[in-house]
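Below: one structure, written as structure tokens.
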Amino acid sequence: MELIIIGSGPAGLSAGLYGKRLGLDCLIIEGKNPSQATLTEELENIPGIPKISGFDFIDILKEQVKSIGVPITSSDCKKIIEKDGLFEVHTDDKIYTTKSIIIATGASCKRLNIEGEERLTGKGVSYCAVCDGPFFKDKNVVVVGGGDAAIEEALFLTKFANRVSVIHRRDELRAAKLLQKRAFSNERIEFILSSVLEEIIGENRVSSVKIRNLKTNEEKKIECDGVFIFVGLSPNNEIARGILLLSDNGYIVTDEEMHTSKRGIFAAGDVREKTLRQVITALADGANASYSSFLYLKEDV
Ligand code: NAP
């Protein structure tokens, strides 16, 4: 194999598309968790496509990649071992040998690590409004976070929930102004600012949350049926640890051409250190990573 692409989100699929068009013998290994893009209800910022669901976008892209003959297999990649100038990719059921690798494993939602969070995950605590929102028809839910994800998902949840309380630790949101404007004018959304979630309460299901106002230190309980947590992402970097240079936050350090600290291994998308984590930047990363792999393989001949 000339190129193994680990990950099948926008970055990995774009890498597959470009890799194949460059004539590389490539394979995409898809992990068990869906990409962040798949979980996004609506993508409105892909130039040329005014509106599409994240699921549909990935589905179309995957079909496009498959249709040109890029194989996609599902497996959990465990480790990479360098051997005689080649790389071995160890998955849970197989070992693949390849000349180059693109790591496009993305990022996952961060946990708050507060009492009740782990115990009640799947019992009212969720990290995916698109997946779980419909279960909260006419119920009251809490959304934690002030970034694009939190505000976008809060807006989505108003399709089902009776009341959506957004709890954010500062008195100003981080989300894009357009999203903020929509959320502020949505009467089903209430904002509880300068406040943090301290505990999620419930016997077998979420029944309430305890919050604390950071300015007054006042604590209060809010009755609710669901808690949606969107407090940022952490990189899925397990496969890169110990072999590649990572940033302080654990993202893979690359240059503009997606070279990592190890020749022959490239990184693309949310897993790499960069400023703007969006579908469009992931798509571009994938294309650049494949092109760099192509140049690397040409040098190697
Ligand atoms: P983010 O932009 O990092 O925002 C995380 C939010 O959670 C921030 O408001 C942050 O507060 C808060 N937060 C972090 N740790 C917390 C904690 N321990 N307790 C309470 N609050 C905490 O993350 P994101 O919204 O998941 O977005 C991730 C990336 O995806 C971003 O680059 C974003 O632009 C992109 N994205 C884009 C779209 C879109 O374009 N439509 C949609 C979704 C995501 P502070 O503000 O105080 O730091």
Side-chain angles (χ1 to χ4, degrees), residues 9-11 33-47 49-58 104-118 125-131 133 142-157 164-184 189 191-200 209-215 222 227-236 247-251 268-285:
N33 294 321
S35 76
Q36 292 295 319
T38 313
L39 304 178
T40 304
E41 189 217 4
E42 246 159 25
L43 300 170
E44 293 181 332
N45 49 8
I46 300 179
I49 307 175
K51 207 179 248 193
I52 188 167
S53 80
F55 184 87
D56 285 349
F57 179 75
I58 292 295
T105 42
S108 300
C109 290
K110 271 191 198 158
R111 304 288 188 257
L112 279 171
N113 296 320
I114 56 169
E115 219 180 302
E117 184 181 12
E118 196 181 333
V125 175
S126 170
Y127 302 86
C128 176
V130 176
C131 324
V142 154
V143 167
V144 188
D148 285 335
I151 304 308
E152 217 170 62
E153 306 302 326
L155 282 162
F156 174 70
L157 286 165
V164 178
S165 308
V166 175
I167 297 168
H168 179 44
R169 63 184 177 184
R170 287 186 298 132
D171 56 10
E172 194 184 6
L173 301 178
R174 177 181 293 278
K177 292 286 181 245
L178 184 68
L179 286 174
Q180 292 197 26
K181 206 172 145 201
R182 280 188 205 158
F184 288 139
I189 301 182
F191 286 89
I192 303 174
L193 300 176
S194 307
S195 298
V196 287
L197 210 64
E198 296 225 299
E199 189 184 343
I200 303 172
V209 291
K210 191 161 94 185
I211 62 168
R212 184 165 59 87
N213 184 299
L214 294 174
K215 287 187 174 162
I222 301 179
V227 179
F228 288 82
I229 300 170
F230 304 105
V231 291
L233 302 172
S234 63
N236 299 325
S247 69
D248 289 348
N249 296 328
Y251 290 95
D270 281 1
V271 74
R272 80 175 186 97
E273 179 64 37
K274 61 177 178 176
T275 313
L276 189 61
R277 292 196 171 81
Q278 301 274 305
V279 170
I280 188 165
T281 60
L283 294 169
D285 282 3

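Throughout, numbering of the chain's residues begins at 1 and tracks the sequence. Note that ligands are numbered from 1 as they come in the structure, with each ligand's atoms numbered from 1 the same way.
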Determine yes or no for a side-chain-to-main-chain donor-acceptor pair under 3.5 angstrom, with R277 supplying the side chain and T275 the backbone. no
For the pair N236 (side chain) and V271 (backbone), establish whether a donor and an acceptor sit closer than 3.5 Å, ignoring hydrogens and angles. no
Do Q278 and N45 meet the criterion of a side-chain donor-acceptor pair at a distance under 3.5 Å? yes
Would you check if there is a donor-acceptor pair between the side chains of S194 and D171 at a distance under 3.5 Å? no
Residues two or more places apart in sequence or in another chain: which of them pass disulfide (SG to SG under 2.5 Å) with C128? C131
Among protein heavy atoms, which lies nearest atom 9 (O) of ligand 1, and at what distance? G146 N, 3.0 Å
Which of the ligand 1 atoms, numbered from 1, are nearer than 4.0 Å to a heavy atom of E152: 39 (C), 41 (N), 42 (C)
Atom 8 (C) of ligand 1 - nearest protein heavy atom and its distance: R174 NE, 3.7 Å
Hey, does D148 come in under 3.5 Å of ligand 1, counting only N/O atoms on both sides? yes
The option among A176, A149, S195 carrying the non-hydrogen atom nearest to atom 25 (O) of ligand 1 is A149
H168 and ligand 1 - part of the residue with a heavy-atom distance under 4.0 Å: side chain
Report the part of E44 in contact with ligand 1, treating N, CA, C, O as backbone and CB onward as side chain, heavy atoms under 4.0 Å; options are side chain, backbone, both, neither. neither
Which residue supplies the protein heavy atom nearest to atom 11 (O) of ligand 1, what is that atom called, and how far is it? R169 NE, 3.1 Å
Within the 4.0 Å heavy-atom shell around Q278, which atoms of ligand 1 are there? 34 (O), 35 (C), 36 (N), 37 (C), 40 (O)
Surrounding CD of E44 (heavy atoms of other residues, nucleotides or ligands, distance under 6.0 Å), is the total greater than 12? yes
Atoms of ligand 1 close to L233 [distance to a heavy atom under 4.0 angstrom, numbered from 1]: 28 (C)
What atoms in ligand 1 come closer than 4.0 Å to a heavy atom of L112? 17 (C), 18 (N), 19 (N)
May I ask you to decide if L112's main-chain N or O and E117's side chain share a donor-acceptor pair within less than 3.5 Å? yes
Looking at ligand 1, does N45 have a heavy atom less than 4.0 Å from it? yes
Restricting to side-chain hydrogen bond (donor to acceptor under 3.5 Å, both in side chains), what partner residues turn up for R174, sequence neighbours left out? none
Would you say the side-chain atoms of T40 pair up with the backbone N or O of G54, donor to acceptor, closer than 3.5 Å? no
Identify the closest protein heavy atom to atom 47 (O) of ligand 1: which residue and atom is it, and at what distance? R170 NE, 2.7 Å
Starting from atom 14 (C) of ligand 1, find the nearest protein heavy-atom neighbour and note its residue, name and distance. V231 O, 3.2 Å
Within ligand 1, which atoms have a heavy atom of R277 less than 4.0 Å away? 30 (O), 32 (O), 35 (C)
Closest non-hydrogen contact found for V144 with V227 is CG2-CG1, 4.3 Å
Any N/O pair V144/ligand 1 closer than 3.5 Å: no
State whether the side chain of D270 and the backbone N or O of A107 hold a donor-acceptor pair below 3.5 Å, judged by distance alone. no
What is the nearest protein non-hydrogen atom to atom 23 (O) of ligand 1, stated with its residue, atom name and distance? G232 CA, 3.3 Å
Would you check the N or O atoms of L179, main chain and side chain alike, for any that come under 3.5 Å of an N or O of ligand 1? no
